[in-house]
Protein chains: 2
Amino acid sequence: MTKYQEIATELINLIRSGTYRPWGAMEGEHMLAKRYQVSRATIRKALNVLKEQGYIHSRQGSGIYVNPEEFYQERLVFTMSDRYRRTSLDSKALKFKIEEATPEFDKLFNLGSDKRLVHYLRLRLFEKNPFTMEETWMPVELFPSLTKETLKGSIMKYMEELGYVISHDFKTISAVVLADQYAKPLHKPIGSLSLQITHHVYLLKSVLAQITIETQGDNVMNALSVREQ
Amino acid sequence: MTKYQEIATELINLIRSGTYRPWGAMEGEHMLAKRYQVSRATIRKALNVLKEQGYIHSRQGSGIYVNPEEFYQERLVFTMSDRYRRTSLDSKALKFKIEEATPEFDKLFNLGSDKRLVHYLRLRLFEKNPFTMEETWMPVELFPSLTKETLKGSIMKYMEELGYVISHDFKTISAVVLADQYAKPLHKPIGSLSLQITHHVYLLKSVLAQITIETQGDNVMNALSVREQ
DNA sequence: TGAGATTTGTACGTATGTATA
DNA sequence: GTATACATACGTACAAATCTC
């Protein structure tokens, strides 16, 4: 950990623990630099981390102010780190098959000689309550070691352990009516309205590694945008 | 404009005009600093703007690389600037009324003695095609000068012209079935699935200034998250 | 495989500009 | 007007990751 990261982590903990009050002022940069025995530039770098994550905002000539909780709770909905943090949640594999790719998938994944795809269905639970269903396809040629066991943990972590670097994740959100296959495991009535997010996860150089259709149990999703920091 | 902003703007134009190829390398920081006659710190600040907006990414020891178009096109879907940029679009006011607030709205807006709300319905068009419908409530005590004429322009700009500072915008996205009132103006069949975004727009100090229900014509919304910059 | 060069990242100190109180 | 506090900018040094020979 670098200095600015350590300071950022500590300041975030202070905010989360309530030491700094929402809308209240923080000590100035000079003061913080003196306290942590670093230069003002380092403090500014740490504060920048807090700004990016929505913990604070500042106004020139005025000071640094602590944001209320909603600012740093809701805004992460659409970041990739969100998917990473879900590792503490339970998973239940409902299906695990190796299939021949359809021509559409073959084209999307730009497959080589091995045309097989891992195709799985996974229910994700939070405190024993199902909240989302994932249907995923991944090329066997990239992930030959993928088994049903792997699904218990984080797929993202598994990909990184293999040495792959995840580059980006395209998401398409749309409204759907829950079909039988999804409604039952999610404990929802058939025909309920719900949100579906289709992920296209890419490795470096635009290599498509995973297509996931994530069907939510609940029909809500929150986001927050902040005008200025 | 500060130096780093000018450099950032110029570099963004170079990327958008295709001078730098997607996935290709940019000149190093030293080279750029020399060319623009500024310090490396200033170049890094400019490059940071490009990173935040998704134009480039960098890797220590390696270099600075230009992202493909999708990175800086899709990712703005959920930023507030998105709403600002829509000023070039046409608007058509379908309804404009001043109403007494219901108890629920009274509570939400934390109204004073004046319990009236402006309530309007606005269709937004892109090249004469309707793409979204907005139903909005705003307190009269905050916006006494708001008229049907104002709706032709940008409401956000109008709010700022009055001297208000917009702080943040909560969004709740959900799936809906299009009702008659929305389906017809959007040229969609009644009962179509669609996405609805409810905005709660706040001024400084958590003053709620606007509630807008934005109903999309199309049932898709794109987002992109990037692992590292 | 390893050593050295290159390139980005971190950190310091200082000076000046600019908005706010 | 004055003081305060954040914002910008410069120059330097070293660390760490990567690339190359």
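Throughout, protein chains are lettered first and strands after them, A, B, ... in sequence-line order, and every chain is numbered starting at 1.
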key: Nearest-neighbour nucleotide for the R44(A) side chain, dA11(C), dT8(D), dA9(D) considered   = dT8(D)

key: F105(A) ring center within less than 6.0 Å of W137(A) ring center   = yes

query = Within the pair K45(B) and dA9(D), is there a side-chain N or O less than 4.0 Å away from OP1 or OP2?
reply = no

request  = Would you mind reading off the distance between L47(A) atom CG and dT8(D) atom P, rounded to a whole angstrom?
outcome  = 14 Å

Between the protein and nucleotides 13-17 of chain C, which nitrogen or oxygen pairs come in under 3.5 angstrom?
residue, atom, partner, partner atom, Å
dG17(C), N2, Q60(A), OE1, 3.1

remark   = N48(B) CG to dT8(C) P, in whole Å, measures 14 Å

ask   = Distance-only, no hydrogens or angles: does the D106(B) side chain make a donor-acceptor pair with backbone N or O of A101(B) under 3.5 Å?
value = no

ask   = Whole-Å distance between dT8(D) P and I7(B) CD1?
value = 13 Å

Distances under 3.5 Å between nitrogen or oxygen atoms of protein and nucleotides 1-3 of chain C:
none

task = Return no unless some side-chain N or O of T42(A) is found under 4.0 Å from OP1 or OP2 of dC12(C).
result = yes

key: Minimum side-chain heavy-atom gap T42(A)-T2(A) below 4.5 Å   = no

task = May I ask you to say whether R116(A) pairs ionically with E99(A), meaning some side-chain N is under 4.0 Å from a carboxylate O?
result = no

key: Nearest-Å distance for atom pair CD/C1', residues E29(B) and dG11(D)   = 15 Å

Short side-chain N/O contact from S58(A) to OP1 or OP2 of dA7(D), under 4.0 Å = yes

ask   = Which residue, K3(A) or M26(B), contacts DNA chain C at a nucleotide closer to its 5' end, judged by nearest heavy atom?
value = M26(B)

inquiry  = Please tell me if K51(A) has a side-chain N or O lying less than 4.0 Å from either OP1 or OP2 of dC6(D).
reply    = no

query = Under a 4.0 Å N-O cut-off, is there an ion pair linking E134(A) with R124(A)?
reply = yes

ask   = Picking from dA21(C), dC6(D), dT18(D), which would you name as closest to the side chain of S62(B)?
value = dT18(D)

query = Which residue lies toward the 5' end of DNA chain D, Q37(B) or H30(A), if each is placed at its nearest nucleotide?
reply = H30(A)

message = Is the shortest side-chain heavy-atom distance between R44(B) and R40(B) below 4.5 Å?
response = yes

message = Quick one about Y20(A) and E27(A) (side-chain donor to acceptor, distance below 3.5 Å, no hydrogens or angles considered), yes or no?
response = yes

Pairs: protein N or O with nucleotides 4-6 of chain C N or O, under 3.5 Å:
none

ask   = Are Y65(B) and R59(B) linked by a side-chain donor-acceptor pair shorter than 3.5 Å?
value = no

query = Taking the side chain of Y4(A) as its heavy atoms from C-beta onward, which of dT8(C), dA9(D), dA11(C) lies nearest to it?
reply = dA11(C)

